[in-house]
Amino acid sequence: MSELRLRKALDKLKASGVRITPQRHAVLEYLLNSMTHPTADEIYKALEDKFPNMSVATVYNNLRVLREIGLVRELPYGDDSSRFDCNTTEHYHVICDVCGKIVDFHYPPLDEVESLAEQMTGFKINRHRMELYGTCESCQQVAQSN
Ligand SMILES: [Zn+2]
Ligand SMILES: [Zn+2]
């Protein structure tokens, strides 16, 4: 499954004329295999053994390229703590208040909110973002066993 996704993503990279460097390949593969919405720093730490000469700036640079092609979405949280998501289909996120874990939550897009907002504010709405906060299952278990 993730092999197929990787091959499709690589095809898209090739079609866009972007050079596939080993680092870029590794960043993409890491994102496709992790459903955790990692930060650039986490990706850097996961790959630094494999690419000792790679800097965090290189990771950022690769993420920017992947984002521009539409293979990766950036979820900004102010400062430098953006998280990166290679699931580019419409979905929402559930975030653990305790450990910060982000899990995909599939729900029909709330299109009616967008059109209502347009009517009420006069904005032309381009997108929306919804996040739900709570305590994940493993953090609930930790809380119970204490
Ligand atoms: Zn948690
Ligand atoms: Zn996601």
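We count ligands from 1, going down the list as the structure has it; atoms in each ligand are counted the same way.
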CA sep, side-chain torsions, deciding dist, call: L47, V59, side chain to side chain contact (heavy atoms under 4.5 Å, CB included) | CA-CA 9 Å; L47 298 178; V59 174; 5.7 Å; no

The protein N, O or S atoms lying under 2.8 Å from the Zn ion (ligand 1) are C96 SG, C99 SG, C136 SG, C139 SG

When you look at R24 and V18, which way does the side chain to side chain contact (heavy atoms under 4.5 Å, CB included) test go after all the steps?
-> CA-CA 10 Å; R24 198 161 283 159; V18 169; 3.2 Å; yes

Counting no waters, what protein N/O/S atoms lie under 2.8 Å from the Zn ion (ligand 2)?
-> H37 NE2, D85 OD2, H91 NE2, H93 NE2, D104 OD1

Is there a donor-acceptor pair closer than 3.5 Å between any side-chain N or O of R73 and the backbone N or O of C86?
-> no

Distance in Å, H91 NE2 paired with D104 CG, rounded so as to fall on 0.5 Å steps | 3.5 Å

Sorted by first residue and then second, give each salt bridge (charged side-chain N to carboxylate O under 4.0 Å, His left out) pair with at least one member in residues 129-146; sequence neighbours left out.
-> R129-E131

With side chains defined as the heavy atoms from C-beta onward, is the minimum distance between T39 and I43 less than 4.5 Å?
-> no

For L110, the hydrophobic cluster (side chain heavy atoms closer than 4.5 Å, chained through members) also holds Y92, V94, F105, Y107, V113, M130, L132

Rounded distance [0.5 Å steps], CD in Q23 versus CG in N61 | 10.0 Å

All heavy atoms of R83 vs all of Y77, minimum pair found to be CD-CE1, 4.0 Å

